[in-house]
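Data first, discussion second: the structure below is written as structure tokens.
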Protein chains: 2
Amino acid sequence: MSNKKSSREKILEAATELFHLKGYHATGLSQIIQESGAPKGSLYYHFPNGKEQLAVEAINLSATRIAAEIKQNLAVYEDPVKAFQYHIESISSIFHSIEPISNLKNVPMGLLAMETAFVNENLRQACEETFELWGNLYFEKLRSSGYSEERAFLISKTLSALIEGAITLCITKKSSEHLIHINKMIPLLLTK
Amino acid sequence: MSNKKSSREKILEAATELFHLKGYHATGLSQIIQESGAPKGSLYYHFPNGKEQLAVEAINLSATRIAAEIKQNLAVYEDPVKAFQYHIESISSIFHSIEPISNLKNVPMGLLAMETAFVNENLRQACEETFELWGNLYFEKLRSSGYSEERAFLISKTLSALIEGAITLCITKKSSEHLIHINKMIPLLLTK
DNA sequence: GTCTATAGGCAGATAGAC
DNA sequence: GTCTATCTGCCTATAGAC
């Protein structure tokens, strides 16, 4: 109930932002502490397993947050085409703000995923489960909109790849362009 | 004409593989030298600007290589649907081999792109141009298959995102699954 | 072209006082 | 819960000999 976030929360929050933005290897623990404003000595108290634990929790945190956002976005319209277009627009709006960096907190899971895939099995698994979770939400929306299991499966997999790839390209270009383009293909893609 | 690669080539080769596989920040110059088998003292002779120069050249190298492969793959079939499906299959075949890691040399440009987007403008630009180059090849194939400029533009952008995203998911899962799924959607996606 | 030696910094992690 | 001090190791980069 306290208004101020606990040190643990502040550290995890800063870590989540930095990991998703700069990546795992480019982010130092010292920077996390600094940006969090938390006491310097508290990191290893709250996260005894250090950097890896911090990253796992960061992945899980934004996995849950984004999942909630996906659910919310897809529920705005009953029509699946409109719903997914709304969702993609909502992602692309991040790039419109003047300072997109601070808003990109959770979005680019792909960075952490590729960085760790061959290097750290725990982190790789956390990322894999995250993508699975998000894809399942797409699947459910399609199922409840009357798509057959086969179609829903295929389309949800395609949407997962398409959105993740478009985010990659948007970050590279520092522009929402690509997400806006793919949005025009959603009606065709969602053919029953 | 010499059979042995020059030291410069060997270093660049090793750097290209490691950067694309583990990423920019997780790859040390010492490891590059070690894997290349090149003389230890030669790195800064051939690449006076150190790690950044090495990375720019690595990006350009695999940009060119993949571009050649894309051209080749898309030329196998005249029918664009078959051509793109062949191309995607050819990418996915990388994941089938017993030791996929060594074959992933150039594929995951997205890793380098996201790692450097907010951190190093030179590298970011090199990645942006690479994506542009590959996308243009998709566009040309569609144009020469009779697609309108608008359609070709939209579809090529979609294909770029879709393929890049599917690669991300395949690497995360260490499986070719996702690329195979999206391949089934190509006919629908290429609707004129 | 290649080598050694080394600077100088920062990384992640631990021990022990408070 | 938090702090300071410190260890160990790796990193990029440079200087100067061969």
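Order of the sequence lines fixes the chain letters, A, B, ..., with proteins taken first and strands second; residue numbering starts at 1 for each chain.
Checked against a 6.0 Å centroid threshold, the rings of A:Y77 and A:F84 do not count as neighbours.
Note: CZ (B:R8) to C1' (C:dG1) measures 13 Å, nearest angstrom. Residue B:I11 contributes atom CD1, which lies 15 Å from atom C1' of D:dT12 at whole-angstrom precision. Atom CD1 of B:I33 and atom C1' of D:dC10 are 16 Å apart (whole Å). One atom, CZ of B:F47, and another, C1' of C:dT2, lie 15 Å apart when rounded to the nearest Å. Whole-Å rounding puts the B:L43 CG to D:dT12 C1' distance at 10 Å. Residue A:I32 contributes atom CD1, which lies 17 Å from atom P of C:dC10 at whole-angstrom precision.
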* I would like to know whether B:F153 and B:Y147 meet ring pair (Phe, Tyr, Trp, His ring centres under 6.0 Å); could you show each step before the answer? => CA-CA 9 Å; B:F153 180 80; B:Y147 287 74; over 10 Å; no
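One side chain, B:S62 or B:H20, offers a donor N or O that lies under 3.5 Å from an acceptor on the other. With no hydrogens or angles considered, no side-chain donor-acceptor pair links A:E89 and A:Q85 at under 3.5 Å.
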* To do: Mark up nucleotides 11-18 of chain C, 5' to 3', with B wherever a protein heavy atom is under 4.0 angstrom from a base atom, S wherever such an atom reaches only the sugar-phosphate, and - elsewhere.
  => SSBB----
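Using a distance-only test at 3.5 Å, with no hydrogens or angles considered, no donor-acceptor pair links the side chain of B:K22 to the main chain of B:T27. When atom types are taken as modelled, the side chain of B:S6 and the backbone of B:E9 share a donor-acceptor pair closer than 3.5 angstrom.
The pair B:E177-B:K173 meets the salt-bridge criterion, with a side-chain N (NZ, NE, NH1 or NH2) lying under 4.0 Å from an Asp/Glu carboxylate O.
Under 4.0 angstrom from either OP1 or OP2 of C:dT2 there lies at least one side-chain N or O belonging to B:S7.
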Under-3.5 Å N/O pairs linking protein and nucleotides 3-7 of chain C:
unit_1 : atom_1 : unit_2 : atom_2 : d
C:dC3  : OP2    : B:K40  : N      : 2.7
C:dC3  : OP2    : B:G41  : N      : 3.0

Pair up each side-chain donor or acceptor in residues 112-123 of chain A with any protein partner under 3.5 Å, not counting sequence neighbours, and list the distances.
unit_1 : atom_1 : unit_2 : atom_2 : d
A:E115 : OE1    : A:Y24  : N      : 2.6
A:E115 : OE2    : A:Y24  : N      : 3.3
A:E115 : OE2    : A:H25  : N      : 3.2
A:E115 : OE2    : A:H25  : ND1    : 3.2
A:T116 : OG1    : A:L112 : O      : 2.8
A:T116 : OG1    : A:A113 : O      : 3.4
A:N120 : OD1    : A:N122 : N      : 3.1
A:N120 : OD1    : A:L123 : N      : 3.2
A:N120 : ND2    : A:E52  : OE1    : 3.4
A:E121 : OE1    : A:R124 : NH1    : 2.9
A:E121 : OE2    : A:R124 : NH1    : 2.4
A:E121 : OE2    : A:Q125 : NE2    : 3.3
A:N122 : ND2    : A:E52  : OE2    : 2.5

